[in-house]
A.B. asks: 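Pasting a structure here, questions to come.
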2 protein chains.
Amino acid sequence: MASLKYSRQREAIKDYLSSVTTHPTADTVYMHIKEEFPNISLGTVYRNLNLLADIGEAIKITTPDGGDRFDARTNPHYHFYCKCCKRMIDMDFDHMDKINHLASESFDGQIESHTMLFYGICGDCLRKS
Amino acid sequence: MASLKYSRQREAIKDYLSSVTTHPTADTVYMHIKEEFPNISLGTVYRNLNLLADIGEAIKITTPDGGDRFDARTNPHYHFYCKCCKRMIDMDFDHMDKINHLASESFDGQIESHTMLFYGICGDCLRKS
DNA sequence: TTCCCTGCAAACTGTTTGCATCGCT
DNA sequence: AGCGATGCAAACAGTTTGCAGGGAA
């Protein structure tokens, strides 16, 4: 484990990510952090988002549309992706341990974790149509 | 729905995908098809893989490592991704309807489907270490 | 003073697309 | 003949990386 040195940029990125439930892309994070640090570069944002993910202070969520999303909510949970408004929404569907257990029973190998991505139309979009 | 015209390349791609359970990347498909069609281009492979996915004769599976995988097994099922050998393995874990149903109960919106990707070490890799 | 971190830009990977031509139907 | 499909190459999006200089310890 490499030694970490404090950086205001990383702190700002972490703070922003913690203040939000929108699962932003790296580029969205970049644009918001830029308001406070006009000279920050996209590379730095990527480096820090990946670093935060590595040390377990954020998670990286792969989307079918390409373009990973980031989330400061690190306890295991699921996500819903609205095909209409492209929002990614946290799911409170707490069967993770049970699912890992059930899956392990019928699988030759060691399951460490799993991700689940639900797909459909969110409530807001449903009511608008 | 656009009209489809027969093409030997598409047929070969579909046949190859059906003959295999390895969830190949577009590039892997490309390299195999090239043995039969030395002049085929990667663009054509991508176009046909996406086309097959669109008409429901294949599925596209997003991986956390970037680089989608393709699968001719189109009935809904889950996958396991081995962090050791990078293989993607079909899971016979048949709780899809139940999970969709349970999730729908506690979610404001219309869930159409979901994908689940398990992560860990496959049996082969476990025994080798 | 050390060495991690930054900004910048170039490089890289996976994928899509415009275009002229080919080949089903 | 008509129009979808192909091969090729250029373009694209998202992400990573090499480097020289800056800042925390």
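Order of the sequence lines sets the chain letters (A, B, ...), proteins ahead of strands, with each chain counted from 1.
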A.B. asks: Share the residues that join Y119(B) in a hydrophobic cluster, the rule being Ile, Leu, Val, Met, Phe, Trp or Tyr side chains under 4.5 Å apart at the heavy-atom level.
C.D. replies: I59(B), I61(B), Y81(B), M88(B), L117(B)

A.B. asks: What's the CG-C1' distance between L51(A) and dT16(D), to the nearest Å?
C.D. replies: 14 Å

A.B. asks: What is the separation between atom CG on N39(A) and atom P on dG22(D), rounded to the nearest whole Å?
C.D. replies: 13 Å

A.B. asks: If only side-chain N and O atoms of Q9(A) are considered, is one of them under 4.0 Å from the OP1 or OP2 phosphate oxygen of dG23(D)?
C.D. replies: no

A.B. asks: Quick one: list whatever passes side-chain contact (heavy atoms from CB on, under 4.5 Å) with T21(B), sequence neighbours left out.
C.D. replies: none

A.B. asks: Treat primed atoms plus P, OP1 and OP2 as sugar-phosphate and everything else as base, then score nucleotides 14-24 of chain C 5' to 3': B for base contact with protein heavy atoms under 4.0 Å, S for sugar-phosphate contact only, - for none.
C.D. replies: SBBBB----BB

A.B. asks: Given atom CG of N48(A) and atom P of dC4(C), what is their separation to the nearest angstrom?
C.D. replies: 15 Å

A.B. asks: Taking side-chain hydrogen bond (donor to acceptor under 3.5 Å, both in side chains) as the test, write out the residues that go with T44(B), two or more places apart.
C.D. replies: S41(B)

A.B. asks: Which residues pass the ring-ring contact (aromatic ring centres under 6.0 Å, His included) test with H101(A), sequence neighbours left out?
C.D. replies: none

A.B. asks: Give me each pair satisfying ring-ring contact (aromatic ring centres under 6.0 Å, His included) with a member in residues 29-62 of chain A, each pair once, sequence neighbours excluded.
C.D. replies: Y16(A)-H32(A)

A.B. asks: Compute the bend angle of the helix from dT1(C)-dA25(D) to dT25(C)-dA1(D) from the end axes (five pairs per end), rounded to 10°.
C.D. replies: 30°

A.B. asks: Figure out the CD/P separation between E11(A) and dC5(C), and round it to whole Å.
C.D. replies: 13 Å

A.B. asks: How many Å lie between NZ on K34(A) and P on dG7(C), as a whole number?
C.D. replies: 11 Å

A.B. asks: Through direct or indirect side-chain contacts below 4.5 angstrom among Ile, Leu, Val, Met, Phe, Trp and Tyr, which residues connect to L126(A)?
C.D. replies: I121(A)

A.B. asks: Using heavy-atom distances to pick each residue's nearest nucleotide on DNA chain D, tell me which of R10(B) and P38(B) is more 5'.
C.D. replies: R10(B)

A.B. asks: Would you please name every residue forming a ring-ring contact (aromatic ring centres under 6.0 Å, His included) with H114(A), sequence neighbours left out?
C.D. replies: Y78(A), F118(B)

A.B. asks: Okay, side chain of R10(A), backbone of K5(A): is any donor-acceptor separation there less than 3.5 Å?
C.D. replies: yes

